[in-house]
Amino acid sequence: MATSGNINPDDLASLRERIDGIDRTIQELIAERAQFAGQVGRAKGKLAAAVDYYRPEREAQVLRRVVDRNDGPLGDEVLVRLFREIMSACLAQQEPLKIGFLGPEGTHSQQAVYKHFGHSIHGLPLGTIDEVFGEVQSGAADFGVVPVENSTQGTIQSTLDMFLSSQVKICGEVELRVHQHLLSRSGRIEDIERVYSHPQSFAQCKAWLRQYLPDAEKIPLASNAEAARRARSADDAAAIAGISAANVYGLKAVAGPIEDRPDNTTRFLVLGRELFPPSGNDRTSLLIFIKDQPGALHHVLAPFARHGLSMNRIESRPGHTGRWQYAFFVDIGGHVEEDAVRAALDELAAFAQEVKVLGSYPVAIT
Ligand SMILES: O=C(O)C(=O)C[C@]1(C(=O)O)C=C[C@@H](O)C=C1
């Protein structure tokens, strides 16, 4: 028998026997867990669809416990991924969730869907971010996943603006480390005369492109996956996209990762139709329309500080309600069902024209 390194063949056989025994136990325990999850599902009563069984606050609590217990050797991210897949499969026993995202197959949005919901779902690749909102609102999708900000490029304004008119709720967030790769049919950089990609991805790889492909034509498209699809049909074209697009579209990696900042991260929001209860570590997103009067913004923000609530983000957008009327997107720590958040909202109501609670949801887990 072939052995690797200097392990004695007898040791190898006995180590594998131990692994076989552990696998058997893991499998039995997963089956037992799935049975209990099925019972929990039935205990929820006769519900209409998979969406009614999904409990993001409970999933967040389960995953935080996994992280707290973890002493290695596997990293938190790996263990969270494994446990997400187990919960995803347990939930899909009822029926897989239908999740809308900015398609086609192979986008970073699809990766964010899998990171948050696991693979036991039915993905619905959609053409635009507006469509993701629309399909969630109409019930054609149970949930949707849309990008909202990137650590290099800042806010995706078109996503925020959708909340000005849409009734969908935010019920989760996902953070994804985004690695960009240059992909082409031949895999040779010297063949490349054109590069396709989404404008955000071009911006994330600006310095790399200036150094290595200064003369190539840069052609912006609606998604990186669309870029990969186009690059597939020409020898002198390449796409900037995630590495998963290489497998989906049969392309070779010319170079990567090529993003200028190694910590390049995109934050996605999970869209649904209802709010879920607190998980114990939540964030609340608000849309606040302010009255046009002196000190209005100060009066609106002061209650958060008074009640000890941290503010992670404030962003102003034209409110679409009248000329020079502004809407503020504000993220604070806490959940609307918690006393401090409720008290702050009561106080600021006197100074705001309108306050819309976009959602209270678990803070992203690794
Ligand atoms: O605890 C529940 O409510 C369950 O349905 C079980 C379970 C799990 O597998 O742990 C499955 C799906 C839910 O989204 C949350 C948790």
Side-chain angles (χ1 to χ4, degrees), residues 11-101 110-124 141-145 171-176 244 268 270 272-282 335 337 360-366:
D11 289 350
L12 185 61
S14 80
L15 287 173
R16 285 188 174 154
E17 221 170 275
R18 295 280 292 277
I19 290 178
D20 286 341
I22 292 170
D23 286 350
R24 232 181 344 261
T25 309
I26 293 175
Q27 196 173 342
E28 279 163 17
L29 290 175
I30 290 176
E32 199 180 334
R33 190 189 191 287
Q35 270 165 4
F36 280 120
Q39 279 184 33
V40 173
R42 286 188 288 283
K44 287 175 190 164
K46 182 129 187 57
L47 303 174
V51 64
D52 303 315
Y53 293 96
Y54 179 61
R55 296 287 187 275
E57 75 286 5
R58 168 69 184 159
E59 296 201 358
Q61 289 161 352
V62 169
L63 297 176
R64 280 183 210 133
R65 246 171 250 151
V66 167
V67 171
D68 288 346
R69 277 193 302 257
N70 186 23
D71 286 327
L74 300 179
D76 292 346
E77 217 169 302
V78 176
L79 281 179
V80 163
R81 193 168 71 220
L82 293 174
F83 274 83
R84 275 224 191 266
E85 287 301 340
I86 292 174
M87 285 195 284
S88 176
C90 286
L91 179 66
Q93 291 180 105
Q94 324 292 335
E95 190 193 349
L97 290 170
K98 295 191 286 289
I99 316 289
F101 65 93
Q110 187 184 34
Q111 265 176 268
V113 167
Y114 289 143
K115 180 170 180 193
H116 191 77
F117 289 99
H119 282 68
S120 299
I121 52 116
H122 180 66
L124 303 173
D142 296 324
F143 295 96
V145 172
C171 47
E173 62 172 3
V174 195
E175 283 182 5
L176 192 75
S244 61
F268 295 82
V270 179
R273 291 180 292 279
E274 60 167 314
L275 293 184
F276 291 90
S279 73
N281 182 16
D282 301 282
H335 190 286
E337 287 181 19
S360 283
Y361 47 90
V363 169
I365 295 165
T366 62

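Because the structure is a prediction, the values reported are computed rather than measured.
A donor-acceptor contact shorter than 3.5 Å is absent between the side chain of E173 and the backbone of F268. When atom types are taken as modelled, the side chain of R84 and the backbone of H116 share a donor-acceptor pair closer than 3.5 angstrom. The backbone N or O of K115 lies less than 3.5 Å from no partner atom in the side chain of R81, so there is not a single donor-acceptor pair. For the pair K98 (side chain) and D142 (backbone), a donor-acceptor distance under 3.5 Å is absent. In this structure, Q93 contributes its side chain and C90 its backbone to a donor-acceptor pair below 3.5 Å.
Between S244 and Q111 there is a side-chain heavy-atom pair separated by less than 4.5 Å. Counting heavy atoms from C-beta on, the side chains of L15 and I19 never come closer than 4.5 Å. In this structure, T366 and E175 have side chains that are not in contact, with every pair of non-hydrogen atoms separated by 4.5 Å or more. Taking the side chain as every heavy atom from C-beta outward, K44 and R55 approach each other to under 4.5 Å. Residues E32 and L29 have side chains in contact (heavy-atom distance under 4.5 Å, counting atoms from C-beta outward).
Aromatic ring pairs are classed by plane angle as parallel below 30°, tilted from 30° to 60° and perpendicular above 60°; the pair Y114 and H119 is parallel.
Rounding to the nearest 0.5 angstrom, the gap separating the OH atom in Y53 from the CZ atom in R42 is 9.0 Å. With rounding to the nearest 0.5 angstrom, the CD1 atom of I365 is 9.0 Å from the CD atom of Q61. Between the CZ atom in F276 and the SG atom in C171 there is a gap of 5.0 Å [rounded to 0.5 Å]. Distance check: Y361 OH to L275 CG gives 11.0 Å after rounding to the nearest 0.5 Å. The CG atom of L97 lies 6.0 Å from the CZ atom of F143; values are rounded to the nearest 0.5 Å. From L79, atom CG reaches atom CG of L74 across 5.0 Å, with rounding to the nearest 0.5 Å.
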For R33 and E28: C-alpha separation, side-chain torsions, deciding distance, then whether side chain to side chain contact (heavy atoms under 4.5 Å, CB included) applies.
CA-CA 9 Å; R33 190 189 191 287; E28 279 163 17; over 6 Å; no

Could you walk me through whether V67 and V80 pass side chain to side chain contact (heavy atoms under 4.5 Å, CB included), step by step?
CA-CA 7 Å; V67 171; V80 163; 3.6 Å; yes

Walk me through it: do L63 and F83 pass the test side chain to side chain contact (heavy atoms under 4.5 Å, CB included)?
CA-CA 7 Å; L63 297 176; F83 274 83; 3.8 Å; yes

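Closest of all the heavy-atom pairs between S88 and S120 is OG-N, 3.0 Å. When all heavy atoms of L124 and A141 are compared, the closest pair comes out as CD1-CB, 3.8 Å.
Annotation: E77, atom CD; neighbour count of heavy atoms from other residues, nucleotides and ligands within 6.0 Å does not exceed 12.
Under the side-chain hydrogen bond (donor to acceptor under 3.5 Å, both in side chains) criterion, S279 pairs with R64, D282, not counting sequence neighbours. Applying the side-chain hydrogen bond (donor to acceptor under 3.5 Å, both in side chains) criterion to N70, with sequence neighbours excluded, gives D76.
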